[in-house]
Colleague: 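Starting off with a structure, shown below.
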2 protein chains.
Amino acid sequence: MIDMAEQRSLADRRSDATREGIVEAAWRLSRQEGLTGWSLRRLADEVGLAAPSLYAYFDSKHAIYDVMFRQGYEQLDDIASRWGPAPGEPHRRAFKVAAAGFMEFCTSDPTRYQLMFQRVIPEFVPSADAYSASVANYERFRALLGELGVTDDRELDLWTAISTGLTDQQISNDPGGQRWFRLLDRAVDIFCDHVGIPPEPEGQR
Amino acid sequence: MIDMAEQRSLADRRSDATREGIVEAAWRLSRQEGLTGWSLRRLADEVGLAAPSLYAYFDSKHAIYDVMFRQGYEQLDDIASRWGPAPGEPHRRAFKVAAAGFMEFCTSDPTRYQLMFQRVIPEFVPSADAYSASVANYERFRALLGELGVTDDRELDLWTAISTGLTDQQISNDPGGQRWFRLLDRAVDIFCDHVGIPPEPEGQR
DNA sequence: GTCTATACACCGATAGAC
DNA sequence: GTCTATCGGTGTATAGAC
């Protein structure tokens, strides 16, 4: 079967490119000026359009945030798909890799983190479509921890809290630093001891 | 020495009352419509003034947020002053009381929590005066945990992350519920085991 | 001194010509 | 699809009545 994208007209593909350019500019402005620190007029300037022309591509400013929200979860899903215990790898080792990967993903782009995990934009609620991307991600996360030996939902909730707590402190109180990131392995060890995931063998540590 | 407040004129005290009324209305609106969900015109309506009259009491909208920010930390300091081990009370017991008190303080007023602990208002930075209230509170918190047996700064950082992580999840994902609140005692136990604060005697538990 | 009235520059969003 | 013009908002600020 031919890829649907191949059948799209030149005009359609040009329109898609413009749409993408708008979203890219929105990311750029959000990282520079903060998620709510730019206006549609400023965004339009950035892509060489008049402000009302943006409404040919998006119904509202929130609709732009919505695409960004979904993109964030798609990016997380991309890297999360590479987590999980390799054959013979101790589960606690895999746990640490995944935990560090998640924290690195979050702290490497605080703006994206704010959009995905905090409610920093007044009245912005993800669309059903975008929200389902976040739910899918949570299900993947739940499956991963299940594979590593976390079967109790309460333990899952506890790790969620610890993991996002460390991330939040890192971003809020030591941006660009390592203060809370350095505590991650210790946190994983404490948690794994609690839920009964065995320690890594000394030799492999 | 006579209390300075006693020497204030009637006009001054009326002015203070108006000021207080404005801040109270700001809290009310913030809880109803969100921290950034109201305008100065709306606030003025609420207290029966014209919008520009607010500038007789506050230099800007941020100045109102600043007073609210400081009040939040004063309220936290009030209840935190009652935490600490009673004579003969096991440290782990006192730890749980303080941890639950903090979490209850935060979750009981999510708007206040947002203002105090998150950066949800664009470009709002607490004044030096208000900021010092938050620093004083952190120092009290550090002293309390020191009294309970947490001497390492990294352990302090770790508990900060766990505590705010649970609180954040509770507010964001189960507002009004108990889902993460119920995990608090377990988290305290895990943490206390890790730092060597002895378990509560069975009889007192 | 405290108020009303008004102006400014900006915001997200819309109408309608081309 | 893109534009100009405009709408009803916003935070902010000042002039001037009383």
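To find a chain, count down the sequence lines: A is the first, B the second, and so on, and within it residues start at 1. Only a predicted model underlies this, so the values are computations on that prediction, with no experimental measurement involved.
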Colleague: Does the pair A/Arg70 and A/Glu74 meet the rule for a salt bridge (Lys or Arg N to Asp or Glu O under 4.0 Å), with working shown?
Modeller: CA-CA 6 Å; A/Arg70 190 167 41 70; A/Glu74 285 167 358; 2.9 Å; yes
Colleague: What is the distance from CG of A/Asp59 to P of C/dA13, rounded to the nearest Å?
Modeller: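 The distance from CG of A/Asp59 to P of C/dA13 comes to 10 Å, rounded to the nearest Å.
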Colleague: I'd like to know if B/Arg41 reaches the base of D/dG9 with its side chain, counting only an N/O donor and acceptor under 3.5 Å.
Modeller: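 No, no donor-acceptor pair under 3.5 Å.
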Colleague: Under the criterion ring-ring contact (aromatic ring centres under 6.0 Å, His included), I'd like the reasoning laid out for A/Trp38 against A/Tyr65: C-alpha separation, chi angles, the key distance, then a yes or no.
Modeller: CA-CA 12 Å; A/Trp38 50 271; A/Tyr65 286 130; 5.6 Å; yes
Colleague: Starting the side chain at C-beta, find the nucleotide from D/dT12, D/dG1, C/dA5 nearest to B/Pro52.
Modeller: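 So the side chain of B/Pro52 is nearest to C/dA5.
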Colleague: Give the rounded distance in Å between these two atoms: CD1 of A/Ile22 and P of D/dG1.
Modeller: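 For the pair A/Ile22 CD1 and D/dG1 P, the rounded distance is 11 Å.
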Colleague: Of B/Trp38 and A/Thr18, whose nearest nucleotide on DNA chain D comes first from the 5' end?
Modeller: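 Here A/Thr18 is the residue nearer the 5' end.
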Colleague: Answer yes when B/Asp193 and B/Arg92 have at least one side-chain N-carboxylate O distance shorter than 4.0 Å, and no when they do not.
Modeller: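 Looking at B/Arg92 together with B/Asp193, the answer is yes, because their closest N to O distance falls below 4.0 Å.
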Colleague: Whole angstroms only, please: what is the CD1-C1' distance between B/Ile64 and D/dT12?
Modeller: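 To the nearest whole Å, that distance equals 12 Å.
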Colleague: In whole angstroms, how far is the P atom of D/dG1 from the CZ atom of A/Phe58?
Modeller: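 Computing the A/Phe58:CZ to D/dG1:P distance gives 13 Å.
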Colleague: Starting from P on D/dT10, measure out to CD on B/Glu123 and report it in whole angstrom.
Modeller: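 In whole Å, D/dT10 P and B/Glu123 CD are 18 Å from each other.
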Colleague: Over how many whole Å does the gap from A/Ile121 atom CD1 to C/dC11 atom C1' extend?
Modeller: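 Going from CD1 in A/Ile121 over to C1' in C/dC11 covers 16 Å.
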Colleague: Answer with base, sugar-phosphate or nothing: what part of the nucleic acid does B/Tyr55 contact at a heavy-atom distance below 4.0 Å?
Modeller: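 Base contact.
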Colleague: Rounding to a whole Å, what distance do you find between B/Leu54:CG and C/dC3:C1'?
Modeller: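 To the nearest whole Å, that distance equals 12 Å.
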Colleague: Quick one: B/Phe124 CZ to D/dG11 P, roughly how many Å, whole number?
Modeller: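 Computing the B/Phe124:CZ to D/dG11:P distance gives 16 Å.
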Colleague: Should the pair A/Trp159 and A/Phe95 be assigned to parallel (<30°), tilted (30 to 60°) or perpendicular (>60°) ring geometry?
Modeller: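 Geometry flag for A/Phe95 against A/Trp159: perpendicular rings.
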Colleague: Which of the following nucleotides, C/dT4, D/dT12, D/dG1, is nearest to the side chain of A/Ser15?
Modeller: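 Minimum distance to the A/Ser15 side chain belongs to D/dG1.
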Colleague: With a cut-off of less than 4.0 Å, is there a side-chain N or O of A/Ser39 near OP1 or OP2 of C/dC10?
Modeller: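 No, no such contact exists.
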Colleague: Below 4.0 angstrom from OP1 or OP2 of D/dC3, is there any side-chain N or O of A/Ser53?
Modeller: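 Yes, such a contact exists.
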Colleague: I want to verify a distance call: between C/dC3, D/dG11, D/dT2, whose nearest atom is closest to the B/Leu49 side chain?
Modeller: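 Comparing C/dC3, D/dG11, D/dT2 against the side chain of B/Leu49, the answer is C/dC3.
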Colleague: Check the orientation of A/Phe69 and A/Phe124. Use parallel for under 30°, tilted for 30 to 60°, and perpendicular for over 60°.
Modeller: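 Rings of A/Phe69 and A/Phe124: perpendicular, as their planes differ by over 60°.
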